[in-house]
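Encoded as structure tokens, the structure appears first; notes follow it.
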There are 2 protein chains.
Amino acid sequence: MTVPSITEQITREQAQALLARHGIAPTEQRLEIARLLFAQHQHLSAEQILAQLSRNSARVSKATVYNTLNLFAETGLVREVVIDSAKRFYDSNPDPHHHLFHTDTGELEDVAPAQVQIAGLPGLPDSREVLGVDVVIRVGPRHTD
Amino acid sequence: MTVPSITEQITREQAQALLARHGIAPTEQRLEIARLLFAQHQHLSAEQILAQLSRNSARVSKATVYNTLNLFAETGLVREVVIDSAKRFYDSNPDPHHHLFHTDTGELEDVAPAQVQIAGLPGLPDSREVLGVDVVIRVGPRHTD
DNA sequence: AATGGGAACTAGACTTTGTCTAACCCCCTG
DNA sequence: CAGGGGGTTAGACAAAGTCTAGTTCCCATT
């Protein structure tokens, strides 16, 4: 179920283009983190990224991983997903979509937005805007009440 | 905007009835926590509850607050709301509803479910069921791009 | 070539939220 | 009155994330 460690990589140039599109200066560490995250559409935690990078013997500190993920999230390069109040995940799927969370396994699945529709939003003052709508569908093993 | 400290209380008997309905043994501490939470529809964190209780000079330990909130959430007496991955909130509004989160102030508002509609859910194997659908609408001050 | 400044990185200390553990208390039952 | 179990407690602990002070690197200016 877990992804084999032979993840298809994106090139440095592709990573650089992604950062450039979001106005992010392309440093060594940011490129490494971007290449890892965007190797495929996935949901990774800071911890996982840190572990994977040191496994790849890339030199990156914890602080930089956190700083970089926050930077990526602020600029909209990745999406921060809050599911489990103990950990943040970063989603490299740029398309609008929702999430299906398996409470027993901790797995997180993307759900096409067409399957879930938000019919209307409450009125807001002009001074405020909707930053995002997060839909999380929690599923688990069926209860045999 | 913050609620005055003169919160209307519910009686011990009402609290006791709530616990009984969910099969929870009515101890002193659980009753106090329930009376606080159900004084009105609101979203409180463990920290806030602990602070308010000690302000009321009720004797409750941190461990008991956490244990009790987990117990309440497991039995469905309150709803755990995950918004801010740094803190859990417990929602005493028993009716199905969604949430509006103000990213700047940290305020959390209820949204009537009629305003948001879930059109369809992805197919699931018979062995699994949907435990809940959480919709969080994040709003903040309008960007002047 | 030397100087100065700014952005980014690092290690490690620190903070915060929540969990765990061991002892204790209280009530009920036999 | 002994034993047992559920509940509570204080405080130690764990995990995730933030902060700080110092360093490095690059680049522009002299």
Side-chain angles (χ1 to χ4, degrees), chain A residues 12 15-16 19-20 22-37 43-54 56-75 77-78 80-91 103 106 108, chain B residues 12 15-16 19-20 22-37 43-54 56-75 77-78 80-91 103 106 108:
Chain A
R12 282 180 73 83
Q16 208 154 346
L19 300 205
H22 291 261
I24 299 172
T27 69
E28 195 56 41
Q29 288 81 355
R30 289 171 184 170
L31 288 173
E32 282 309 311
I33 293 173
R35 291 184 71 190
L36 180 52
L37 258 166
H43 312 94
L44 296 178
S45 66
E47 189 205 14
Q48 291 174 311
I49 288 171
L50 197 50
Q52 185 60 51
L53 287 179
S54 57
N56 298 357
S57 59
R59 263 183 72 267
V60 194
S61 71
K62 185 171 76 152
T64 295
V65 171
Y66 280 99
N67 287 343
T68 300
L69 289 173
N70 285 336
L71 179 63
F72 284 6
E74 277 161 27
T75 56
L77 179 54
V78 298
E80 189 179 299
V81 184
V82 179
I83 297 271
D84 173 320
S85 74
K87 197 173 285 186
R88 300 175 199 175
F89 287 90
Y90 295 88
D91 186 343
T103 53
L108 191 54
Chain B
R12 283 180 73 82
Q16 210 155 346
L19 299 205
H22 290 262
I24 300 172
T27 69
E28 194 57 39
Q29 289 81 356
R30 290 172 185 171
L31 288 173
E32 283 308 311
I33 293 172
R35 290 184 71 190
L36 181 52
L37 258 166
H43 313 93
L44 296 178
S45 67
E47 189 204 15
Q48 291 174 311
I49 288 172
L50 198 48
Q52 185 60 51
L53 287 180
S54 55
N56 298 357
S57 59
R59 263 183 71 268
V60 195
S61 71
K62 185 171 77 153
T64 296
V65 170
Y66 280 99
N67 287 343
T68 300
L69 289 172
N70 284 336
L71 179 63
F72 284 6
E74 276 161 26
T75 57
L77 179 54
V78 299
E80 189 179 300
V81 184
V82 179
I83 297 272
D84 172 318
S85 76
K87 197 173 286 187
R88 300 173 198 177
F89 287 91
Y90 295 88
D91 186 344
T103 53
L108 191 55

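Letters go in sequence order (proteins before strands), and every chain restarts at 1.
Regarding contacts with the backbone of C:dC9, every side-chain N or O of A:Ser61 stays at 4.0 angstrom or more from both OP1 and OP2. In terms of phosphate contacts, A:Arg30 brings a side-chain nitrogen or oxygen within less than 4.0 Å of OP1 or OP2 of C:dA8.
Here B:Lys62 does not pair with B:Glu47 in a salt bridge; the nearest charged N to carboxylate O distance is not below 4.0 Å.
At whole-Å resolution of the value, CG in A:Leu50 and P in D:dA15 are 15 Å apart. Rounded to an integer number of Å, the gap from A:Glu28 CD to C:dA7 C1' is 16 Å. As a whole-Å value, the separation of B:Leu69 CG from C:dT17 P is 14 Å. Between A:Glu32 atom CD and C:dA8 atom C1' there is a gap of 16 Å when expressed in whole angstrom units. Distance, A:Leu53 CG to C:dT10 P: 10 Å, rounded to whole Å. The separation between A:Gln48 atom CD and D:dA16 atom C1' is 13 Å, rounded to whole Å.
Considering all non-hydrogen atoms of both residues, A:Pro26 and A:Leu19 come closest at CA-CD1, 3.9 Å.
Contact annotation for B:Thr27: backbone-only contact, meaning every heavy-atom pair under 4.0 Å involves sugar-phosphate atoms and none involves a base. Residue contacts shown for B:Gln29 are limited to sugar-phosphate atoms, with no base heavy atom under 4.0 Å away.
Contact annotation: the side chain of B:Arg88 never approaches that of B:His43 to less than 4.5 Å [non-hydrogen atoms, C-beta and beyond]. Contact annotation: the side chain of A:Leu53 approaches that of A:Ile33 to within less than 4.5 Å [non-hydrogen atoms, C-beta and beyond]. Taking 4.5 Å as the limit, some side-chain heavy atom of B:Leu37 sits within range of a side-chain heavy atom of B:Leu69.
Looking at B:Asn70 and B:Glu74, their side chains never bring a donor and an acceptor atom within 3.5 Å of each other.
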Whether each nucleotide of nucleotides 18-29 of chain C has a protein heavy atom under 4.0 Å at its base (B), only at its sugar-phosphate (S) or at neither (-) is summarised, 5' to 3', as BBB---------
